[in-house]
Amino acid sequence: MAVTPKPSQERTELFVCTGCGIGEAVDAEQLAATGTADLKHPGTVSGPLCVPEGLALLRESLAEAEASRVVIAACSERVNHDVFSPASLGVDMVGRVNIREMVAWSKPPGEDETQRLAEDYVRMGTQRLLWSRRPERQERDIETALLVVGGGISGLTAALEAANAGHDVHLVERQSELGGWMARFAKLFPTRPPYRELEPVRIQELIDAVVAHPRITVHTGAEVTEVAGEPGGLEITLDQSGKRSSFPAGAVVMATGWQPDTSVIDRLGVGHLPDVVTNVAFEEMVRSGVLNRPSDGQPVKRVAIVTRPRAGLGAGGSTNGSNGAHSDDDFSFGTNVLDMASLKHALYATEAGARAYVVYEDMVTPGLYEAFYRRVSEQPGVYFTKGRVTNIDAAGDGGLLMRLGRSLLGDDVALPVDLVVLATGMVPSTADSDVLHLMYLQGPGLPTAKFGFSDSNFICFPYETRRTGIYAAGTVREPMDVTFAAEDATGAALKALQSLQLIGSGRATHPRSGDLSLPATRFSGCTQCGRCSQECPFSAIELDAKGFPALNPERCRRCGICMGACPVRVISFEDYSVEQLSATVKAIDFGPDNSQPRIVALACENDAYPAFDLAGINRLGFDAAVRVVPLRCLGSLNLAVVADALSSGIDGIMLMGCRSGDDYQCHFIQGSALASRRLENLVETLQRLTIESERVLPVEIEISEYDRIPEMVGGFVDTIRKLGANPYKF
Ligand SMILES: Cc1cc2nc3c(=O)[nH]c(=O)nc-3n(C[C@H](O)[C@H](O)[C@H](O)COP(=O)(O)OP(=O)(O)OC[C@H]3O[C@@H](n4cnc5c(N)ncnc54)[C@H](O)[C@@H]3O)c2cc1C
Ligand code: SF4
Ligand code: SF4
């Protein structure tokens with residue numbers, strides 16, 4: 001049940017560490033005395049707290065004082081996590097105050113402003129802890145079976161890995177046969193040294209192992225028509241030849257693979273030419289054992305294999321993108337897998353007695369695959385031609401005439417051939433169709449990233465989708481070959497099993513793995529606006545019959561975006577709330593004569609806060625006017641905190657989150673974008689308070705950009721100095 005957050009009355013101790021240069025940078029005794037106002041007793045100063053002697057002192061003192069909580073003013077909370085954990089110290093809760101990276105390592109030692117900054121951090125950290133309750137969660141019984149959708153190499157591997165790890169698996173395949181595209185190929189490009197010869201397709205052994213496994217139930221000719229519930233307790237409905245059946249599952253691996261990007265045929269305007277085929281059709285021709293022209297059945301003697309074909313040259317020799325740049329269409333599903341497949345196809349052609357012209361603009365054969373490129377280039381009868389297809393048309397002799405621009409041999413080269421093979425892209429199966437049909441408020445589809453791939457955050461969390469407990473494996477996630485797909489499937493299966501373990505113990509999955517807290521709503525204040533349910537990136541909140549939010553806890557990733565969204569501020573976590581953030585900011589002291597600016601950086605804990613830490617670790621000084629407050633995500637920031645801070649006299653606020661847009665970096669998908677949208681509403685509030693809008697600065701930053709921190713902070717401090725003090729300060 002939700003309660004209004006209020007400060008704790010439990011016995012809380014404060015310890016100030018003097019290790020790592022802290023003792024030289026600040027007056028530690030004075031810092032310890034800072035605690036008295038909030039805790040009713042001063043803190044304790046100690047040498048390094050993380051070493052055995054320091055820890056022994058901490059444990060003994062806490063036991064003696066019968067304290068249930070402790071504030072540790074020392075290094076960043078991003079380090080020594082286990083060393084200072086509640087379990088290690090024998091208390092219920094630990095609050096960390098970062099006076100090492102944020103003060104000692106980034107400010108001039110012994111200066112008044114350095115000391116005031118450290119004292120503010122102690123007051124702020126103490127408030128942060130006082131406004132927290134210990135989250136409690138129970139273990140619970142969950143369904144541990146896995147649903148694997150797609151029976152290609154990825155799905156088969158995921159199913160077998162999970163079954164071998166002791167989980168029941170339901171494998172659902174739309175076709176009547178297992179194996180996916182791999183089973184339809186004539187041969188594979190080499191996967192092992194010396195990377196010279198084509199390999200036979202060995203998928204039958206895997207299929208046999210899956211079919212024979214006692215823990216795996218295979219459903220072929222079947223599709224998922226409904227997924228309801230939440231991870232750990234999903235209800236799956238299938239349609240198998242018109243017959244419906246249901247079963248429970250805990251988590252899902254989605255391995256529904258790819259489809260050929262046939263749109264290139266239209267882009268090149270060659271749909272009317274039967275002897276222009278896709279790479280997939282060429283595989284099938286070779287597998288059938290007959291290499292004849294589809295148009296007239298004549299044997300193929302000359303094959304042009306165009307790898308990653310683009311849409312031709314436009315007027316004046318430019319590409320269809322402006323200024324000769326390639327358009328997104330040209331690139332979207334292109335991948336080195338296509339280049340490897342084109343090399344394989346060149347060997348298919350020569351094995352059938354034909355000549356092969358490999359037409360390329362880029363040829364990418366990563367790592368040891370380079371050896372295969374060399375081997376194919378040595379093959380008699382294979383010719384490599386750099387160039388771009390400008391036109392393909394029927395030739396008088398029943399063959400085709402392909403024209404190339406930008407060729408090494410000139411700008412208009414004519415190549416007579418019998419067959420053109422277009423190595424077209426691999427479009428994810430999720431690009432234009434729903435696979436799982438989720439019974440979720442935000443809709444049945446799995447939200448996809450750029451180009452329809454189902455990954456949630458391509459840099460930090462492979463396999464994660466934007467729906468908790470559902471993991472993507474193989475080519476539905478990004479184009480890859482079968483070796484990578486098998487590895488990928490193993491990773492995704494393990495992620496799914498790991499999520500079940502976490503869910504069973506009431507803990508969050510990625511990225512706040514292990515977090516026990518959950519958002520709770522104080523229904524008495526809720527206006528049933530539904531905004532929380534709309535803005536939750538993971539569709540964790542449904543609405544009950546009366547329109548009140550109903551949380552599906554196991555879908556929740558604890559990002560706090562609902563808390564940031566709620567206009568009446570009735571959503572809070574045990575250890576994270578609007579009240580806690582406001583109390584933290586209000587703990588900032590304006591100094592003896594209000595003469596120095598006081599600026600708050602509300603910084604996302606995923607990139608922005610670590611960037612500050614890294615600036616400190618690299619001893620990059622940044623202005624002591626700025627106090628950094630970590631947020632779970634910039635999207636978790638309720639604008640009430642900003643309005644509260646400004647109306648209590650804070651001179652300026654930096655809102656620091658990850659990159660938004662298509663190439664977003666946000667761990668919670670759209671935190672920065674949501675924050676910017678909400679900021680538009682803040683302008684009105686600022687006008688009402690007659691506060692200049694320049695006092696609030698949104699910043700997008702990546703962790704690797706930590707070296708920008710001094711300049712970024714310095715620039716904003718200059719702006720605030722020019723604006724002068726916030727009138728509400730006085
Ligand atoms: C022309 C070409 C040649 C290639 N040659 C090679 C090669 O020689 N060597 C190599 O390593 N890689 C090669 N590749 C890459 C290879 O095809 C992929 O790595 C491989 O297919 C990935 O397997 P997958 O299981 O991820 O996807 P897929 O093979 O696409 O399997 C997905 C499975 O999911 C099923 N499915 C789809 N939707 C649903 C649904 N809604 N419900 C249930 N089931 C569904 C499909 O029927 C399919 O069986 C080639 C690619 C191309 C384009
Ligand atoms: S904390 Fe995040 S994932 Fe959980 S309900 Fe709120 S917005 Fe959704
Ligand atoms: S956003 Fe707040 S007021 Fe609106 S439905 Fe959710 S909890 Fe209720």
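Order of listing sets the numbers, starting from 1, for every ligand and every atom in it. The figures that follow rest on heavy atoms only: side chains count, while hydrogens, waters and symmetry mates do not. Computed from a prediction, not measured in an experiment: that's the story for all the values here.
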query = Thinking salt bridges, do D575 and R632 make one under a 4.0 Å N-O criterion?
reply = yes
note = protein heavy-atom neighbour closest to atom 46 (C) of ligand 1 works out as E173 OE2, 3.5 Å
ask   = Where does D481 meet ligand 1, judged by heavy-atom distances below 4.0 Å: at the side chain, the backbone, both, or neither?
value = both
ask   = CG/L438 to CG/L446 distance, rounded to the nearest 0.5 angstrom?
value = 6.5 Å
message = Looking at atom 6 (Fe) of ligand 3, is there an N, O or S atom belonging to C532 that lies under 2.8 Å away from it?
response = yes
inquiry  = Which label fits F461 and H510: parallel for a plane angle under 30°, tilted from 30 to 60°, or perpendicular past 60°?
reply    = perpendicular
key: Heavy-atom nearest option to atom 15 (C) of ligand 1, drawn from V482, D261, V149, V337   = V337
query = Which part of M480 is near ligand 1, with near meaning a heavy atom under 4.0 Å away: side chain, backbone, both or neither?
reply = backbone
request  = Just let me know how V568 lines up against ligand 3, side chain, backbone, both or neither, with a heavy-atom cut-off below 4.0 Å.
outcome  = side chain
ask   = In terms of atom number and element, which parts of ligand 1 are under 4.0 angstrom from non-hydrogen atoms of Q175?
value = 47 (O)
task = Just jot down the ligand 1 atoms closer than 4.0 angstrom to any heavy atom of V172, in number order.
result = 43 (C), 44 (N)
query = So which protein heavy atom does atom 4 (Fe) of ligand 2 come closest to, and at what separation?
reply = C556 SG, 2.3 Å
ask   = Hey, is Y576 touching ligand 2 through its side chain, its backbone, both or neither, going by heavy atoms under 4.0 Å?
value = neither
message = Tell me the contacting part of R558 for ligand 2: side chain, backbone, both, or neither, using a 4.0 Å heavy-atom threshold, strictly below.
response = backbone
message = Looking at F247, I'd like to know if its CZ atom is crowded, meaning that more than 12 non-hydrogen atoms belonging to other residues, nucleotides or ligands lie closer than 6.0 Å.
response = yes
ask   = At what distance, to the nearest 0.5 angstrom, does CE of M182 lie from CG of L206?
value = 8.0 Å
remark   = If we number the atoms of ligand 1 from 1 as shown, the ones under 4.0 Å from a heavy atom of G151 are 33 (C), 34 (O)
message = Does ligand 1 come near enough to T475 that some N or O of the ligand is less than 3.5 Å from an N or O of the residue?
response = yes
remark   = Within the 4.0 Å heavy-atom cut-off, what I571 brings close to ligand 3 is side chain
ask   = What residue and heavy atom of the protein are closest to atom 39 (C) of ligand 1, and at what distance?
value = T256 CG2, 3.5 Å
task = Within a distance under 4.0 Å of any heavy atom of G180, pick out the atoms of ligand 1 and give their elements.
result = 29 (O), 31 (O), 48 (C), 49 (O)
request  = Around atom 1 (S) of ligand 2, find the nearest protein heavy atom and jot down its residue, atom name and distance.
outcome  = G560 N, 3.2 Å
task = Have a look at ligand 1 and work out which part of A255, if any, has a heavy atom under 4.0 Å from it: side chain, backbone, both or neither.
result = backbone
Sub-4.0 Å atoms of ligand 1 with respect to non-hydrogen atoms of G257 = 27 (O), 28 (P), 30 (O), 32 (C)
note = So the atoms of ligand 2 within less than 4.0 Å of a heavy atom of F573 turn out to be 1 (S)
key: Side chain, backbone, both or neither: the part of L156 lying under 4.0 Å from ligand 1 by heavy atom   = neither
query = Thinking salt bridges, do D488 and R477 make one under a 4.0 Å N-O criterion?
reply = yes
message = What I want to know is whether S154 and ligand 1 share at least one N or O pair that is separated by under 3.5 angstrom.
response = yes
task = Look at C536 and state whether any of its N, O or S atoms is less than 2.8 Å from atom 4 (Fe) of ligand 2.
result = no
remark   = shortest atom 2 (Fe) of ligand 3-to-protein heavy-atom contact is with C566 SG, 2.4 Å
Sub-4.0 Å heavy-atom approach of G530 to ligand 3 = yes
key: Numbering as shown, the atoms of ligand 2 that approach F538 to under 4.0 Å (heavy-atom distance)   = 3 (S)
ask   = Is the number of heavy atoms from other residues, nucleotides or ligands within 6.0 Å of CD (E199) greater than 12?
value = yes
ask   = For ligand 2, is any non-hydrogen atom under 4.0 Å from L518's backbone (N, CA, C, O), its side chain (CB onward), both, or neither?
value = neither
query = What atoms of ligand 1 come within less than 4.0 Å of a heavy atom belonging to G152?
reply = 25 (O), 31 (O), 33 (C), 49 (O)
ask   = Of the listed options (F484, W258, W181, F189), which comes nearest to atom 52 (C) of ligand 1 when hydrogens are ignored and any heavy atom counts?
value = W258
note = atom 3 (S) of ligand 2 sits nearest the protein heavy atom R557 N, 3.3 Å
ask   = Contact between F668 and ligand 2, counting heavy atoms under 4.0 Å?
value = no
request  = Could you tell me whether F185 approaches ligand 1 through its side chain, its backbone, both or neither, with non-hydrogen atoms closer than 4.0 Å?
outcome  = side chain
Which atom of S454 lies closest to which atom of M254, heavy atoms considered = OG-CE, 4.3 Å
inquiry  = Hydrogens and angles aside, do S660 and S672 bring a side-chain donor and acceptor to less than 3.5 Å of each other?
reply    = no
Region of P549 that comes within reach of ligand 3 [heavy atoms, distance under 4.0 Å] = side chain
query = Can you tell me if an N/O/S atom from C562 lies under 2.8 Å from atom 2 (Fe) of ligand 2?
reply = no
query = With a cut-off of 4.0 Å, which atoms of ligand 1 are near a heavy atom of A341?
reply = 2 (C), 3 (C), 4 (C)
ask   = What is the ring orientation for F189 with F372, classed by angle as parallel under 30°, tilted 30 to 60°, or perpendicular over 60°?
value = tilted
Ionic contact status for E535 with R677, cut-off 4.0 Å = no
inquiry  = Is the ring pair F282/H345 parallel, tilted or perpendicular, if the boundaries are 30 and 60 degrees?
reply    = perpendicular
task = Before accepting this row, confirm whether a basic side-chain N of the pair K187/E197 lies closer than 4.0 Å to the acidic partner's carboxylate O.
result = no
note = Heavy-atom proximity to atom 5 (N) of ligand 1, picking from E199, M254, K344, points to K344
ask   = Does a donor on one side chain and an acceptor on the other come within less than 3.5 Å for E283 and N279?
value = no
